[in-house]
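Below is one structure, written out as structure tokens, with a few remarks after it.
On a predicted model such as this, the values are computed, not experimentally measured, just so you know.
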Number of protein chains: 4
Amino acid sequence: MTNQTPQPEETVERTVRHAAGADPQKRQQIMAGAKRVFMECGFDAASVNDICHGAGISKSTLYVYFENKEELFEAIIENERDRLFEGVADVLASESAPADVLHQFGVTIASIICSDSVVRAQRIIIGIAERMPALGARFYSGGAMRAQTALTGFLDRKVAMGELAIADTSLAAAQFIELSTVALWKPRLFGKAAAPPSPEQIDASVTSAVALFVCAYAPKSA
Amino acid sequence: MTNQTPQPEETVERTVRHAAGADPQKRQQIMAGAKRVFMECGFDAASVNDICHGAGISKSTLYVYFENKEELFEAIIENERDRLFEGVADVLASESAPADVLHQFGVTIASIICSDSVVRAQRIIIGIAERMPALGARFYSGGAMRAQTALTGFLDRKVAMGELAIADTSLAAAQFIELSTVALWKPRLFGKAAAPPSPEQIDASVTSAVALFVCAYAPKSA
Amino acid sequence: MTNQTPQPEETVERTVRHAAGADPQKRQQIMAGAKRVFMECGFDAASVNDICHGAGISKSTLYVYFENKEELFEAIIENERDRLFEGVADVLASESAPADVLHQFGVTIASIICSDSVVRAQRIIIGIAERMPALGARFYSGGAMRAQTALTGFLDRKVAMGELAIADTSLAAAQFIELSTVALWKPRLFGKAAAPPSPEQIDASVTSAVALFVCAYAPKSA
Amino acid sequence: MTNQTPQPEETVERTVRHAAGADPQKRQQIMAGAKRVFMECGFDAASVNDICHGAGISKSTLYVYFENKEELFEAIIENERDRLFEGVADVLASESAPADVLHQFGVTIASIICSDSVVRAQRIIIGIAERMPALGARFYSGGAMRAQTALTGFLDRKVAMGELAIADTSLAAAQFIELSTVALWKPRLFGKAAAPPSPEQIDASVTSAVALFVCAYAPKSA
DNA sequence: AATGAATGAGTGTTCATTCAT
DNA sequence: CATGAATGAACACTCATTCAT
């Protein structure tokens with residue numbers, strides 16, 4: 001009684017599989033405009049109307065370049081992901097003492113992770129992680145996780161050089177990052193801290209983080 | 001796009017207007033039903049229809065007890081907030097060695113914070129923190145923050161007793177909690193880890209956390 | 001990359017299953033209005049907007065009473081189906097000579113089957129029979145087929161009484177109906193005949209039909 | 001709602017406007033591709049996108065060769081119309097006894113008329129006969145009607161030869177065709193019979209049709 | 001106090017068609 | 001001649017909310 005459609009065939013392919021929306025420049029323009037709207041409103045509250053208006057295109061054009069709202073959103077996130085933590089590993093190349101390098105790394109990453117734009121993006125991703133867990137996972141792996149991987153490599157080198165004594169460098173890296181944003185990131189994420197932390201606040205957190213880290217992982221002097 | 005204004009503090013008038021027609025028992029019934037739907041769908045995706053159906057009431061009745069969907073959601077969260085971390089401070093009353101107490105506390109809080117229900121709630125709160133920052137702030141203060149406060153008190157006592165040497169106990173408490181969920185909570189939040197961590201995983205994180213903590217904050221033996 | 005939604009649960013039932021739209025009077029009003037629009041435009045070309053406007057209700061109200069456009073259409077057809085050939089069997093109760101009864105039956109059914117409203121309905125049903133074959137089947141069974149069944153009964157009686165000699169009364173009934181609308185129904189269906197056939201045209205077709213029928217199925221006089 | 005006006009006869013201007021930029025081979029290619037899509041989806045459900053994709057051309061090119069979707073459809077139908085009943089008249093040239101010839105003719109035409117492709121085409125034509133009655137009329141005239149005309153000619157010859165006695169040969173031809181598909185075509189059209197009738201079913205219908213026909217129209221032996 | 005019935009404004013998506021190149 | 005790119009209008013459908021009873 002309800003739905004009697006047989007549709008066994010569906011032979012006619014229903015659309016060109018979006019290899020069509022070729023012009024990469026326009027695609028970028030759309031993504032740029034859409035990003036602004038998404039970041040301002042979140043995924044659900046950003047209407048396709050708003051997005052198109054914000055990107056200066058018609059709704060139909062949007063659907064030439066992207067299959068649907070979700071795909072557009074994913075494309076934006078995938079694009080943004082890597083950019084966020086881009087230069088973060090550079091400071092690890094420094095030849096300074098490990099404690100100093102760690103300090104600078106901690107400050108850098110805490111600044112990024114607590115910045116307005118990153119927090120906003122994280123909120124949106126987390127908010128739809130229930131519905132799009134793969135996207136969230138990729139965002140995490142490609143973003144925060146990448147910084148952690150870089151740090152792990154740094155720690156490995158220092159361990160090899162005898163400057164640090166760490167059993168599980170991967171865990172240690174995660175610990176250091178977590179410590180660097182202690183009492184900074186969570187309040188940001190939940191909206192308790194309306195503005196990014198001041199350099200002084202960051203410095204305090206990171207200084208304490210380095211202290212703990214060095215205390216725990218400095219090589220035992222014979 | 002819908003509501004971004006940070007609520008101009010009309011608490012009194014609001015309460016009066018709606019507490020009026022209110023059998024508190026029915027109010028609880030509605031909140032219980034609505035909670036299930038919100039937790040399952042998220043804020044935006046939970047339709048008022050679903051909520052009413054889930055609570056066994058008519059839409060009109062809902063609007064007798066709550067001004068709108070947002071207010072209902074806030075009421076639920078305010079109600080739930082304290083329950084989540086309820087028994088967490090109990091283990092701090094133990095007379096065991098600080099390291100053992102900390103270990104048990106870390107395991108307890110990591111288990112809670114990474115559980116399905118808590119992660120789900122956090123995702124929803126974080127997802128709308130942009131639109132309802134006050135709610136997010138209160139959720140954070142009343143939830144995770146309360147555990148941190150309890151731990152701070154514990155540390156204060158131990159410092160007074162000379163069993164620990166900590167300059168900033170509040171910071172130290174935050175550090176310990178953060179360390180206990182290292183590599184556990186974030187993957188959960190972002191959807192990378194689909195299931196709560198195993199007891200073994202938790203134990204490993206917490207053990208390392210306690211080690212760092214003791215190393216850094218154990219009193220210098222004269 | 002495309003769709004990563006897991007949705008294993010869907011526990012929250014998404015809507016009341018339309019036992020809701022109870023008021024049968026309003027339901028009838030909607031169906032009456034919608035029928036007019038459907039008959040005028042066909043299924044695809046009748047927009048839900050038009051339908052609502054034609055029925056004097058809002059779109060939302062429509063969806064309280066019917067799950068979707070298809071269900072509304074089906075309800076209308078199911079409702080109409082039986083009405084179309086309602087009184088057609090009555091003439092078969094007559095005590096007149098079989099040839100006379102057949103003639104009157106033929107005229108009646110040809111008039112109905114070639115009428116504007118029936119042809120219009122048939123066109124629409126046939127047009128979507130590919131997509132909704134079950135509906136088409138039920139329409140046919142409950143409509144034209146019912147007349148055929150009634151006629152079969154009549155023929156059975158006459159055979160029993162020795163007034164006709166028919167091996168397969170069911171086939172004979174179908175033949176008679178088909179013959180009665182020869183050169184009348186098909187042109188109507190395909191749009192070649194813009195108006196229903198005149199009584200004279202019908203009479204001619206039916207007269208010839210009766211002649212053939214009697215010639216073939218009259219009992220062999222000993 | 002879209003187009004109900006019965007086309008104010010602008011045939012000349014239209015032809016000129018479009019026959020202009022027209023490589024007839026490409027036109028055929030387009031029609032071939034579009035036919036497949038139309039037959040599979042129906043008129044309304046076949047999107048111009050699908051059609052162009054199916055024909056391997058761009059949308060703009062389509063509109064060079066055809067004024068719009070309707071005109072394309074009409075061109076296809078006009079083209080197909082005659083092909084459907086192409087060889088049907090051949091069997092009428094046989095020198096066998098009239099009854100045998102009629103039987104073979106009946107089987108041939110019933111097979112064609114109940115075939116998947118013909119039923120599908122008929123459904124589509126009938127479905128839009130309300131909107132494009134002229135097309136339906138031409139389809140009927142050029143298709144089924146042509147078979148009937150051929151049969152009329154055959155009957156005329158047999159009457160002239162004294163092998164049959166028929167007052168209205170045109171009516172008789174229509175009657176025979178109708179009888180040959182009794183209980184076969186209508187169920188197909190309405191979707192009650194999902195598959196074409198078996199040869200046995202067809203034979204039964206046609207055999208009975210010939211019997212009635214011969215009984216009614218055989219010359220009275222003196 | 002409680003509700004069944006109703007809605008206007010909005011959702012994401014697709015349509016047939018056109019125009020600059 | 002042919003097209004890639006673009007669009008406004010329309011699509012079926014859902015939303016949070018209100019009001020007469």
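Within the nucleic acid shown, B:Lys59 comes within 4.0 Å of at least one base atom, counting heavy atoms only. Within 4.0 Å (heavy atoms only), C:Val48 reaches sugar-phosphate atoms of the nucleic acid but no base atom.
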According to the Watson-Crick and G-U wobble definition with distances under 3.5 Å, which dot-bracket string, read 5' to 3', encodes DNA chain F, using [ ] for crossing pairs and | for pairs with another strand? .||||||||||||||||||||
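A sub-4.0 Å separation between OP1 or OP2 of F:dA6 and a side-chain N or O of A:Lys26 is present.
Counting only heavy atoms from C-beta outward, the side chains of D:Lys69 and D:Phe43 approach each other to under 4.5 Å. At least one side-chain heavy atom of B:Asn79 sits less than 4.5 Å from a side-chain heavy atom of B:Gln28.
Ring orientation note: the planes of C:Phe73 and C:Phe38 are nearly perpendicular, at an angle over 60° on the 30°/60° scale.
Mapping A:Ile57 and D:Ile57 onto DNA chain F by nearest heavy atom places D:Ile57 at the nucleotide closer to the 5' end. Between C:Asp44 and A:Ser58, the residue anchored nearer the 5' end of DNA chain F, judged by the nucleotide with its closest heavy atom, is A:Ser58. Nearest-nucleotide assignment on DNA chain E puts the 5′-proximal partner with B:Gly56, out of B:Gly56 and C:Thr61.
In the set E:dA6, F:dC11, F:dA16, F:dC11 carries the atom at the smallest distance from any side-chain atom of C:Ser47. Nearest to the side-chain atoms of C:Tyr63 among the listed nucleotides E:dA16, E:dT11, F:dC13 stands F:dC13.
Separation of atoms CZ (C:Arg131) and CG (D:Asp44) is listed at 7.5 Å; rounding is to 0.5 Å.
In this structure, CG of A:Leu62 is placed 14 Å from C1' of F:dA5, rounded to the nearest angstrom. Here the C1' atom of nucleotide F:dC15 and the CZ atom of B:Phe43 are 12 Å apart, to the nearest Å.
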